[in-house]
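Quick note on labels: first sequence line is chain A, next is B, and so on, each numbered from 1.
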Amino acid sequence: MARVGVFVCWCGSNIAGTVDIETVLEAARRIAEVVHVEDNKYTCSESGQQSIKKAIKEHDLDRVVVASCSPLMHEVTFRRCIESAGLNPYLLEMANLREHCSWVHRNRGEATDKAIKLIGMAVAKVRRLEPLIPIRMPVEKRALVLGGGIAGIQAALDISKAGYLVTLVERLPTIGGHMAQLDKTFPTLDCSACILTPKMGEVLHDENIELLTYSEVEEVRGWVGNFEVQIRKKARSVDMVKCTGCGECIEKCPLKLPSEWDLGLGLRKAIYRPFPQAVPGVPVIDREQCFVFTKGKEKCRACERACPADAIDFEQEDEVIKRRFGAIVVATGFSLFDEKAYGEYGGGQYKDVISALQFERMVNAAGPTGGHIIKPSNGREPRNVVFVQCVGSRDRAKGIPYCSKICCMYTAKQALLLKEHLPESQAYIFCIDIRAGGKNYEEFVNRVQSEYGAIYIRGRVSRIYERGDKLIVKGTDTLAGIPVEVEADLVVLATAIASQSDSPQLARILRIPYDEHGFFSEAHPKLRPVESVTRGIFLAGACQSPKDIPDSVATAGAAAVRVCELFASDELALEPAIALVDAERCSGCLNCLEVCPFEAIREERVDSRRVASVSESICQGCGTCAAVCRSEAITMKGFTSPQLYSQIAAPFEEILKELEVEMPSC
Amino acid sequence: MRVLAHARGSITKTVIQKGQNQFNPIIIGFLCTWCSYAGADQAGVSRREYPPNILPIRVMCSGRISPHHILKAFQMGADGVLVAGCHLGECHYIRGNYMTAKRIPVVKELLSFMGLSPQRLGLTWVSASEGDRFAAVVREFTEQIRELGPSPLRGVS
Ligand code: FES
């Protein structure tokens, strides 16, 4: 006979507001093998946990049911709690009365009835639970950081400074990310490059950091502590060791192509560096454009002749690198909403309607126009510039209900920069409202209005069209309640922050969840904001949600700390809930071997009989093998068939008793 | 498993409980912890209401659910069984849910062979962020089971 204690939580009014606790306690007392029942306002609180510990001692409990919130929230808490009272931590079961009951049902009677059933099921399972002991595994103390924007750079540097090895993988030929494209940053107006490039250099010279640019992760196997990762380092066609970065090759290349880095506003060559301060400074050949690859081996080769270091290598092949990592930080950043979706704004159609990032390239002294703000159509200086906020953001019709968080601020900054560059100009800003939450943000927006004369118009823009060489911006001033029309020379669209278009693919490779907008999901929005639910994989920067630079840097630091925490011990305790084969019962069909996603099952001989055997260190505990085992020879610890059967049967027990029908045996 | 014709009478007694004249089915839900269980949590967090008939059982992966478990639920008298996992391609264990996707149709066949409507067994994919979807799926499935009426095995065991 087990001695089960049931602890029912009110969770303040979260549960008690909908579930009648008294009735639940009454019912719980009647369940077989339950020897102690009590309730608590907040079971997870220190006093709540103390009272569990006390009850374990006083009533000699050997198993515990906590009926409170989701086990995904507090299972670890209560496992630790009962462990400190001397019980095996795995002799705990939780009944989810909050997320699965009180928060989703309104009828008190129905919710109470369901709560009783859920507790009955939890007791049924806990009675059959067995003590488990975590498996210990060595940790590979090398971290993989995906993405070389400011978040990835910061995470890599932080982990390295703690003394661990890091591999930083970036898919572009240079690190730096979007921050390297910006001119100045709000609200301090620091020059973006001035604060970023030293960090980029630091990465390059850090002995703990291996930098793999122009590279992508192809495959991730394994688990926390021991991820096996395959990385494809694309052929740069330039020998990274020989290249001195002199740039002669770029000079001589005859091909001029639109530069992705400058969003089409400038040109680059077929052999190029995205921008002069690129790290590494080794150029890359665009094989889709270069004559040697498009027209034939003997063609052109101007760069090869120009290179004093003999570094050009047209024959270079992709390199496939395999490494083991103990932890992964995902910092793959964001992309921008395509303004072409707003046909009514003429995005992509009118030359003088540009995106905010294009404007950013334009004001940048190192950008395609050398820092001159011009109308792309004729190269003249604009006078009236209209900024349109929330292009994509907060627009359900365009599929983006969320706020992109940074557009209000960068628009204000761009209006300021406009005035600084062209004192004669006038900025008009169409906005729904201004969101300036952040240190010194509100003050900054006020300054842009009062000192730099930016005119804010509250309302959405309905249409933009050309009249002569002007653009007519039509909208409504919703404060004044009148239609407005502004004659503009240049229109800047603050396009929404979107997830990277291939984030679902990466999520699949990493086995981490993502939300409906393609942003990676954190394990808990408040308490575990930089962890993914997959142990050992952490999130930093805007791949999780739109973030400004300070937030990206902060989350990167937080993710780095999580990594270091993992690496601080030599061994990792892994979930003991894995599969175990009973060789006696095993018929040797080996169906399990075929379905195992991890190749954790081997064939073995026991007394010359063929049987299956599970490797402890590889098994991840999905239980797929147990489900195909016809002879039920596989025990999925923590989720054994007898445990599941009694859980299934529990809600029917009352009914069957009432009908005086005998319970079938499991 | 004995299927008794006269069981109907007793069902009416228990199922249509004291004064309620709506049939309240019992539905066992098998939810994988990574997506569907978390999705159900999400439904809670965002207060998406759904009928209370579903009783969730958490497993690590939908691939853990064998025909044994499903049949056991029906044997006990469940009016419906809903198996929920991660979307295909998103299983935390790479391809556990592909096994589920193959298995469920087979179990459905088996149910019709036994004289139970295969519609009593549902299979769905709900991701961790799809609280809305979880609530909607449960609402719909509960309605479907309600229309089918009590399981002929209810109270028979
Ligand atoms: S983990 Fe959700 S279906 Fe496998």
4.5 Å side-chain heavy-atom contact, [X] and [Y]:
X       : Y        : answer
B:Ile54 : A:His100 : no
B:His68 : A:Leu644 : no
B:Tyr50 : A:His105 : yes

Out of curiosity, [X] [atom1] to [Y] [atom2], how far, rounded to the nearest 0.5 Å?
X        : Y        : atom1 : atom2 : value
A:His517 : B:Ser129 : NE2   : OG    : 8.5 Å
B:Leu88  : A:Arg508 : CG    : CZ    : 9.5 Å
B:Ser46  : A:Glu99  : OG    : CD    : 10.5 Å

### Task
Compare every heavy atom of B:Pro67 with every heavy atom of A:Ala627, then report the nearest pair and how far apart it is.
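That would be O-CD, 4.2 Å.
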### Task
Compare every heavy atom of B:Arg48 with every heavy atom of A:Val104, then report the nearest pair and how far apart it is.
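In terms of heavy atoms, the two residues are closest at CG1-O, 3.2 Å.
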Considering heavy atoms only, which positions within [range] lie below 4.5 Å of chain A?
range                      : result
residues 93-101 of chain B : B:Tyr93, B:Ile94, B:Arg95, B:Gly96, B:Met99
residues 31-41 of chain B  : B:Leu31, B:Thr33, B:Trp34, B:Tyr37, B:Ala38, B:Ala40, B:Asp41
residues 56-66 of chain B  : B:Pro56, B:Ile57, B:Arg58, B:Val59, B:Met60, B:Cys61, B:Gly63, B:Arg64, B:Ile65, B:Ser66

Kindly list each side-chain donor-acceptor pair under 3.5 angstrom involving residues 104-119 of chain B, sequence neighbours excluded, with atom names and distances?
unit_1: B:Lys108; atom_1: NZ; unit_2: B:Leu121; atom_2: O; d: 3.0
unit_1: B:Ser112; atom_1: OG; unit_2: B:Lys108; atom_2: O; d: 3.1
unit_1: B:Ser112; atom_1: OG; unit_2: B:Glu109; atom_2: O; d: 3.2
unit_1: B:Ser117; atom_1: OG; unit_2: B:Gln119; atom_2: N; d: 3.1

### Query
So which of A:Ser70, A:Gly623, A:Cys622 has the biggest tally of heavy-atom pairs under 4.5 Å with chain B?
A:Cys622
### Query
Can you tell which of A:Val533, A:Leu118, A:Val628 has the highest number of heavy-atom pairs within less than 4.5 Å of chain B?
A:Val533
Chain B contact via [X] - which portion, at a heavy-atom distance below 4.5 Å:
X        : value
A:Glu575 : neither
A:Thr534 : both
A:Cys101 : neither
A:Cys629 : backbone
A:Arg630 : backbone
A:Phe598 : side chain

Heavy-atom distance under 4.5 Å to chain A: side chain of [X], backbone, both or neither?
X       : result
B:Leu55 : both
B:Ala78 : both
B:Arg47 : both

Assess whether atom [atom1] of [X] is packed by more than 12 heavy atoms of other residues, nucleotides or ligands within 6.0 Å.
X        : atom1 : result
B:Glu140 : CD    : no
A:Arg108 : CZ    : yes
A:Glu632 : CD    : yes

#### Entry: Short side-chain to backbone donor-acceptor contact, A:Lys117 and B:Asn53, under 3.5 Å
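No, the answer is negative, given that no donor and acceptor are paired below the 3.5 Å cut-off.
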